[in-house]
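Side chains included, hydrogens not; waters and symmetry mates left out as well; all remaining heavy atoms used. Per chain, numbering begins at 1; letters A, B, ... match sequence-line order.
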There are 2 protein chains.
Amino acid sequence: MGFNARDYLESVSLDCVIFGFHNSQLKVLLLKMKYTHEWALPGGFVKQNETVEEAAARVLRERTSVGDIFLKQFRVFSDPERSKINPAVKDLIESGDHPDMEWFEKRFISIGMYALVDFTKVIAVPDYFSEEAVWKSLDEIGTLMLDHNLIVQKALNTLRLQISYQPIGYNLMPEKFTMPELQSLYETILGKTLDRRNFQRKILSFDILTKLPETKKGGAHKAPFLYEFNIENYKKALENGLYGGW
Amino acid sequence: MGFNARDYLESVSLDCVIFGFHNSQLKVLLLKMKYTHEWALPGGFVKQNETVEEAAARVLRERTSVGDIFLKQFRVFSDPERSKINPAVKDLIESGDHPDMEWFEKRFISIGMYALVDFTKVIAVPDYFSEEAVWKSLDEIGTLMLDHNLIVQKALNTLRLQISYQPIGYNLMPEKFTMPELQSLYETILGKTLDRRNFQRKILSFDILTKLPETKKGGAHKAPFLYEFNIENYKKALENGLYGGW
DNA sequence: CTATTATTGTGTCAAAATAACACATTAAAA
DNA sequence: TTTTAATGTGTTATTTTGACACAATAATAG
């Protein structure tokens, strides 16, 4: 694959916070960089004939092998100091062994994108600059490259805000799921527990779920019903929001 | 002042949708461009040592002579076709009479910012490229330059969304205002009328207003009380949102 | 100076939404 | 077959919302 700086728009990069949900934990896909071994968000640059969204979708497809993903800009990161790379990396670049990397010495603003994906469908693939691609739960994320910790934090804020006025779950849940599983997703994102019965009443009132006749057997105890999202209504709710407010 | 392309970050521009409120109308500050006489949003570029927010604040200060403004990124516009200027302008640039303007032939992604300002405090000032700066109410905006109509529309969407989960009004209203005036702002942004009594009850329940002992005399009929925002609570509400949702 | 007018201040009541809580049901495991 | 623990499905009190009515008053008209 390689990397040719001149294929891309200057000064602009993008970083993707890819959220997945597994074992009642919210996870983020991270890359371990070659040479420096720092952890970083999957990212990329915008090609000359691409929109930012298209560029992000390309990155996502390459890193997760999943297409059709929920993807959203949430903020531009533009602190002039943000792309100051660490001195060791700088030395490495200037040694001349890695000519491609001069590109990285320039200033970039980065467009923060967040994505919600079905954990079970992802095959994580490192990129040209990284040696490993790994899901990490939120509390396992240590110090990340550049300002990536800030980007993750802001993405999480956005997700928490979104959940209070838009539906969430499609793209994060498998196709069929149980009510307790969906509740667990909400609890994880919100960081608090919810009343089981009130949760069900409220989420059903949004009219975005279809109850299936099947139950999910195999777990101990009573078998919960399976649900799936009603895509049509879900998309409507995404556009119109869940609450009028006024 | 002039304009030196090399002072700025490449490929990145910003466009500001500056909202003001006057005579029960939401207004947007527009510039009439020299040479082409097209109407456009105030915009600018990011200097080498600036954040995007600082650049926008600088633009705002220069166009409105008001500092301390509510300012927020809301979206990046990155359609590769978006900066295709109209052919007449292109001819003008290529004629060589305006050497500065070659810069504008390149592709830019634009960061959409929206700002809320106190209409009464603004002194609108055109920039180096424009001959006139004028407030236009939403229905007076005709066809704007490039994709600026889209940018205005998306800014308005964002504002309408914001109003349903965050307080609005500080920076848009004068320091002291009456309840009917505030209601009028809400009605204008939402594009619908609200019940006077229910509006008052709800907005007071947010605990962001302080009722003053004075009334606003001078208008015919009963004199309405004056209110001001309780900044402390207002800012809390901005951060936390007005509704839990969950 | 008084009556009129239109707008504001304030309150009530029914309906809807929410929060708190309890008991019956059932798949798997003991 | 019994036990266990999680799920399905209410009920009730409280809070919030929506719809509405009447009293108070600053300016204006007569």
Test item: side-chain donor near acceptor, A:Glu53 and A:Gln73, under 3.5 Å | yes

Chain B footprint on DNA chain C, 5' to 3' - any atom under 4.0 Å from a heavy atom | C:dT5 to C:dT12

Could you note down all residue pairs passing ring pair (Phe, Tyr, Trp, His ring centres under 6.0 Å) where residues 132-161 of chain A supplies at least one of them, sequence neighbours left out?
-> A:Phe119-A:Trp135

Double-helix bend of the helix from C:dC1-D:dG30 to C:dA30-D:dT1, axes at both ends from 5 pairs, round to 10°, gives 10°

Close approaches to DNA chain D from residues 172-195 of chain B, in residue order (heavy atom, under 4.0 Å) | B:Asp195

Can you list the residues that meet the ring-ring contact (aromatic ring centres under 6.0 Å, His included) rule with A:Tyr186, with sequence neighbours excluded?
-> A:Phe199, B:Trp246

Criterion salt bridge (Lys or Arg N to Asp or Glu O under 4.0 Å) on A:Lys192 and A:Glu187, from CA distance to verdict = CA-CA 5 Å; A:Lys192 68 178 176 191; A:Glu187 290 180 332; over 6 Å; no

Any residue of residues 198-227 of chain A with a heavy atom less than 4.0 Å from an atom of DNA chain D | A:Lys211, A:His221, A:Lys222, A:Pro224, A:Phe225

Residue A:Lys176 excluded, over 12 heavy atoms near NZ under 6.0 Å | no

Tested for side chain to side chain contact (heavy atoms under 4.5 Å, CB included) against A:Tyr170, the lone hit among A:Leu116, A:Ile231, A:Ile208 is A:Ile231

List for me each residue that meets ring-ring contact (aromatic ring centres under 6.0 Å, His included) alongside B:Tyr165, sequence neighbours excluded, and say none if there are none.
-> A:Tyr165

Distance from B:Glu214 atom CD to B:Thr178 atom OG1, nearest 0.5 Å?
-> 12.5 Å

Positional range of nucleotides in DNA chain D within the contact set of chain B, heavy-atom, under 4.0 Å = D:dT17 to D:dA27

Pairs involving residues 218-231 of chain B, ordered by first then second residue, that meet side-chain hydrogen bond (donor to acceptor under 3.5 Å, both in side chains) (sequence neighbours left out) = none

Of all residues at least two apart in sequence or in a different chain, which pass the ring-ring contact (aromatic ring centres under 6.0 Å, His included) check with B:Phe229?
-> B:Phe177, B:Tyr234

Charged tip of A:Lys72 within 45° of A:Tyr114 ring normal and under 6.0 Å = no

Donor + acceptor pair across side chains of B:Thr51, A:Ser78 (<3.5 Å) = no

What residues, two or more places apart in sequence or in another chain, satisfy side chain to side chain contact (heavy atoms under 4.5 Å, CB included) together with A:Lys32?
-> A:His37, A:Trp39, A:Glu131, A:Glu132

Scan side-chain atoms only and decide if A:Asp15 and A:Ser110 contain a donor-acceptor pair under the 3.5 Å cut-off.
-> yes

A:Arg201: partners by side chain to side chain contact (heavy atoms under 4.5 Å, CB included), with sequence neighbours left out = A:Asn198

